[in-house]
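Read through the structure below, which is laid out as structure tokens, and then see the notes.
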Amino acid sequence: MSTENKPDYRKTLNLPDTPFPMRGDLPKREPGWIKEWDDMGLYKRLRAARAGREKFILHDGPPYANGQLHAGHAVNKILKDMIVKTRQLKGLDAHYVPGWDCHGLPIENQIEKLYGRNLSRDEMQAKGRAYATEQIGLQMADFKRLGVLGEWDNPYKTMNKPNEAGELRLFKRLIERGFVYRGLKPVYWCFDCGSALAEAEIEYQDKKSNTVDVAFEAADLDKLATAFGLPKLDKPAFIVIWTTTAWTIPANQALNVGPHIEHALVDTPRGLLVLAKARVEDALKRYGLEGTVIATAMGDKLGGLNFKHPLYDVDKGYQRLSPVYLADYATDTDGTGIVHSSPAYGIEDFNSCVAHGLAHADILNPVQGSGSYAADFPLFGGLDIWKAVPVIIKTLDDAGRLLATSTITHSYPHCWRHKSPVIYRAASQWFVRMDEGEGVFTKDKAPETLRTTALRAIEDTAFYPPSGKARLRDMIAGRPDWVISRQRAWGVPIVFFLHKETDELHPRTMEILDQAADIIDQGGIEAWSRVTAEQILGDEDAKHYAKSNDILEVWFDSGSTFDHVLCGTHPNEHHTSGPEADMYLEGHDQHRGWFHSSLLLASAIRGRAPYRSLLTHGFTVDAQGRKMSKSLGNGIDLQEANKKWGAELLRLWTASSDYSGDIAGDDKIMARVIDAYRRIRNTLRFLLANTSDFDPVKDAVAQGDLLEIDRWMLARAAEFQNEVLAHYEVYEFHPVVAKLQLFCSEDLGGFYLDVLKDRLYTTAPKSLARRSAQTALWQLTQALLRWMAPFLSFTAEEAWKFVGQSDSIFLEEFSAFDAPDAALLHKWARIRDIRDAVNKDIEALREKGEVGSSLQSNVVLTAPPEDHALLASLGQDLKFVFITSAIELEAGTALSVRTSASKEVKCERCWHYTDDIGQNAEHPTICGRCISNLYGAGETRMVA
């Protein structure tokens, strides 16, 4: 045959072809998919597709409507999206309504930075609402850019008027249940916030403080002598305290000693000093003094003694006595063993003083909300308390009352927003009671304490990971009463009127709550701000009552959404069997935040948690474990990442990370994610390319007629899907990603697809052999797209356009496979093991340069009886499974392999080495099998 007339056998092969591109070009193409989902109203179509099905509700923990999103936000929203999509693909009616937290201090701070601090309440509220609206628009665009599906056209916002009104109605119910009371007690106070803080808003950081040892002179030496069993004292005597908060000394009103602690009276050059006996040696060393213990007494003997304030002789404003109270919290483990008490600035001090008869009205509280002493406060009026410390120390020293001072670094509470140190400060606030007690206007008293109910609710909640249970339980078990009032403007108002003289609530308070909720429902919190006392109470009552300007704290806002969102503004979101969400999902810091406040409020008004399960994830960190931050320059900028890699790779990074701990990310980690994506995409492209001419309606082969290896592949896919769905059921994604990569590289690329290429490429296009393979590949592609759709959403949707029967992969459900054939799986697992042994022998030949591809090798395979029978069942297809041109099977007692280079000629078309090339004069360069496939009846494949 002349060269001119020689056929181009390559054109006779069924080479794969698909318009599905090798490169994803994700940053450019992803916005198009988002637009398409918006245009087709995909989320609404999902709801219609699952109407009447069992519901799954993941209630969104509202991000705060302030500031640009970061990698942590991305991880959070992607996790939520993946979970909702797995439930949707499972066949559930999986709702996701995104939400935003809109009130509160961070926005007020931004408004004050932009417009100054002297805005009226109306101005602050108007500008706060406008600012939050703007921020929500920016954040929503970024969330949607991540491929998150949800009810974006109707999100919930805590500042929406129905939500504001709903929150107030829940507050009324809380009052009716007996949990709300007003009290004066020390609460965390942030000077930057200008408001009280809840326990959840506190974090601990190191702080440098000045310690002081201060002497209080005895007011009655005879009584002190009697307490120590002495006839008299012939020199001045002092009780000594040690503290790290020198700024509290000017407000001292008492001293506390442990009743069961032994105290010593020590004779020193500075006078007689009263110290806990266990602290004498350390204290004298600190003071640089020599001393002798002349008497001892238990603390209970000192109760009721009086000592002069250390500045008693400096200014008449300090000419008061500090009585000694007995208190178990005074120990002898550090300091002097004696605790000075400024009841306005410490919970234990407050409780001790009140328990010993100090009236609330008599508690000194000179520190203003701004952080300065009151202007008329003696000696230190108008000074910032932190800047006043050295002044106070010098004043004590000048008065002869300072025995020692030093600087220490210690763990100290800070505001988690401003990172600035906070103090305890006594203030009249509204509280939610954790334990027994009477509330105001109780109508339907709860049968048990809030702490008891909440702890029981935790036991009924599933936790992912399980460690979250102990963390939340410990927080609830030890938390104090919840201070829910704030002295700010941008928030849901506490709509109370207080009597100007008695501080009592107006008798019509519960009616007023209903009236206020209706006003806010129509006009928002701004409408209530404009309402006057006269309009609500009438002219006569208005003379005697003041309208409260407090608001409910922001955790009350978000914590109450289970009620006014799930059962209010989005009523279709809750189950018919009950209003609880299936899941709340946030970072693990929300054990003290949203999870916490939601649990308390739901327990108070419903007696159970608002969620059936809690899932927590870690923080985003760099490869060294450092928390991502702008200041360190180690963060993943969300918008830059979308431009550089595309959101799909952020999704894959999230899915491939173990979210139960911190989630590490940097360029090197993302490089590995990119590599994993390419492997999955290349596998998908191979599947699409080899089914491009396959119509499942016309070309599919019945299950019973499939070749054995194709049936094995579908059994393996069914087995693998069971593993995937088991992980999805417990919200695990990183094992799915890891296993999917192995499935693509080993089950598919390393075996099945490798074996399949000859049959796909060389047999007749419509032959049973090829259509059987394509049937398996088509079903495999259908399953694979569903497995990956929750995390590789854009890629799955892109590929779905080539094989899908509907407008979106997300309208589908997971594939329905027959139960995996265990015997078939076992058989082919052993065949693969034997094949691996053969490949090792072939590879040794390749390394010697004796063969190129495995098709150039001849194999003699000796097998023991069980393996021999298994391999013999493959018949003539054995060589296709092992991808060799010739394989001889022999019986033996053990498995052994002998390989050699083939001496035959290579077929130009199928590349097999065979002895029948040239037997057809018209086609002298191809084998008999290829001639049959091209021009005859076609070869018969039985197994592979």
Side-chain angles (χ1 to χ4, degrees), residues 186 188-189 204 206-217 238-258 261 263 270 273-276 278-280 282-287 299 302 307-312 314 318 320 322-325 327-353 363-367 373 379-380 383-413 421-426:
Y188 283 120
W189 190 279
Y204 283 82
D206 285 346
K207 178 183 180 295
K208 284 186 177 180
S209 295
N210 296 97
T211 70
V212 290
D213 288 75
V214 181
F216 289 63
E217 186 177 4
F238 305 86
I239 196 167
V240 187
I241 66 92
W242 175 90
T243 183
T244 62
T245 56
W247 61 269
T248 63
I249 294 291
N252 173 274
Q253 292 185 272
L255 299 160
N256 289 283
V257 301
I261 293 174
H263 291 75
R270 291 288 296 267
L273 304 182
V274 178
L275 302 163
R279 307 307 308 161
V280 169
D282 285 346
L284 293 180
K285 184 178 179 180
R286 208 160 55 240
Y287 310 153
L302 307 180
F307 292 81
K308 297 177 182 179
H309 190 280
L311 300 179
Y312 189 96
V314 178
Y318 295 98
R320 61 178 181 270
S322 296
V324 172
Y325 296 145
D328 289 331
Y329 74 89
T331 68
D332 58 2
T333 56
D334 58 12
T336 65
I338 294 98
V339 178
H340 107 88
S341 181
S342 294
Y345 307 120
I347 291 178
E348 290 170 319
D349 296 349
F350 178 89
N351 291 338
S352 174
C353 287
I363 291 174
L364 297 176
N365 192 6
V367 180
Y373 293 111
L379 299 178
F380 312 109
L383 288 179
D384 175 271
I385 65 165
W386 307 122
K387 295 178 181 178
V389 167
V391 181
I392 293 169
I393 292 174
K394 184 178 186 305
T395 306
L396 290 168
D397 195 21
D398 291 345
R401 296 296 179 261
L402 182 69
L403 291 178
T405 183
S406 64
T407 301
I408 63 167
T409 299
H410 59 142
S411 181
Y412 189 86
V422 302
I423 68 166
Y424 272 115
R425 177 173 179 265

Test side-chain contact (heavy atoms from CB on, under 4.5 Å) on Ile239 and Leu255; report intermediate values, then the result. CA-CA 9 Å; Ile239 196 167; Leu255 299 160; 3.5 Å; yes

All N/O donor-acceptor pairs, side-chain side in residues 391-400, below 3.5 Å, sequence neighbours left out:
unit_1 : atom_1 : unit_2 : atom_2 : d
Lys394 : NZ     : Asp398 : OD2    : 2.9
Thr395 : OG1    : Val391 : O      : 2.7

Backbone of Val240 reached by a side-chain donor or acceptor of Thr336 within 3.5 Å: yes

Please name all residues satisfying salt bridge (Lys or Arg N to Asp or Glu O under 4.0 Å) with Asp282, sequence neighbours left out, ordered by chain then number. Arg279

Any side-chain donor near an acceptor of the partner, Tyr424 and Asp349, under 3.5 Å: no

Calculate, to the nearest 0.5 Å, the distance between atoms OG1 and NE2 belonging to Thr211 and His410 respectively. 9.5 Å

On a heavy-atom basis, the closest approach of Val389 and Ala246 is CG1-CB, 4.1 Å

Any heavy-atom pair between the side chains of Ile249 and Ile241 that's under 4.5 Å? yes

State, with a plain yes or no, whether a side-chain heavy atom of Leu302 is found less than 4.5 Å away from one of Val274. yes

Counting C-beta onward and ignoring hydrogens, is there a side-chain heavy-atom pair between Cys353 and Ile363 closer than 4.5 Å? no

Please report the C-alpha distance between Ser342 and Asn252 in whole Å, then the side-chain angles of each, then the deciding distance to 0.1 Å, and finally whether the side chain to side chain donor-acceptor pair (under 3.5 Å) criterion is met. CA-CA 4 Å; Ser342 294; Asn252 173 274; 4.9 Å; no

Using modelled atom types only, decide if a donor and an acceptor are shared between the side chain of Tyr329 and the backbone of Ser352 within a distance under 3.5 Å. no

Could you report the tightest heavy-atom contact between Gly337 and Ala330, atom names first, then the distance? O-CB, 4.2 Å

Checking the side chain of Arg425 only, and the main-chain atoms of Val367 only, is there a donor and an acceptor separated by less than 3.5 Å? yes

Strictly under 6.0 Å, is that where the ring centroids of Phe380 and Trp247 end up? no

I want to check something: taking the side chain as every heavy atom from C-beta on, are Tyr318 and Leu379 in contact at a cut-off of under 4.5 Å? yes

Tyr204: partners by side-chain hydrogen bond (donor to acceptor under 3.5 Å, both in side chains), with sequence neighbours left out: Tyr188

When rounded to the nearest 0.5 angstrom, what is the spacing between CG in Leu403 and OH in Tyr287? 5.5 Å

Look up atom CD1 in Ile261 and atom CG in Asp328, then write down how far apart they are to the nearest 0.5 Å. 8.5 Å

If I compare all heavy atoms of Gly299 with all of Val257, which pair ends up nearest, and what's the gap? O-CG2, 3.7 Å

With sequence neighbours left out, what residues match Thr244 under side-chain hydrogen bond (donor to acceptor under 3.5 Å, both in side chains)? none

Taking only residues two or more places apart in sequence or in another chain, which ones pass salt bridge (Lys or Arg N to Asp or Glu O under 4.0 Å) with Asp213? Arg286

With sequence neighbours excluded, tell me which residues meet salt bridge (Lys or Arg N to Asp or Glu O under 4.0 Å) with Glu217. Arg401

May I have the step-by-step check of side-chain contact (heavy atoms from CB on, under 4.5 Å) for Tyr325 and Val339, ending in yes or no? CA-CA 10 Å; Tyr325 296 145; Val339 178; over 6 Å; no

List in chain and number order the residues that pass ring-ring contact (aromatic ring centres under 6.0 Å, His included) with Phe216, two or more places apart in sequence or in another chain; answer none if no residue qualifies. none

Is there a side-chain contact between Gln253 and Ser341 (heavy atoms, below 4.5 Å)? no

Mind checking side-chain hydrogen bond (donor to acceptor under 3.5 Å, both in side chains) for Arg270 and listing every partner two or more places apart, or none if nothing turns up? none

Run the ring-ring contact (aromatic ring centres under 6.0 Å, His included) test against His263 and tell me which residues pass, sequence neighbours left out. none

Interatomic distance, Asp332 atom CG to Ile338 atom CD1 [nearest 0.5 angstrom]: 9.5 Å

Among all residues two or more places apart in sequence or in another chain, which pass the side-chain hydrogen bond (donor to acceptor under 3.5 Å, both in side chains) test with Thr248? Thr245, His340

Smallest separation among heavy atoms of Gly346 and Pro186, with atom names: O-CG, 3.4 Å

Check whether any side-chain heavy atom of Leu402 sits under 4.5 Å from a side-chain heavy atom of Val212, and report yes or no. yes

Rounded to the nearest 0.5 Å, what separates atom CD1 in Ile408 from atom CG in Asn210? 9.0 Å

Once ring-ring contact (aromatic ring centres under 6.0 Å, His included) is applied, do any residues pair with Phe350, and if so which ones, sequence neighbours excluded? His360

Partners passing ring-ring contact (aromatic ring centres under 6.0 Å, His included) against Phe238 (at least two apart in sequence or in another chain): none

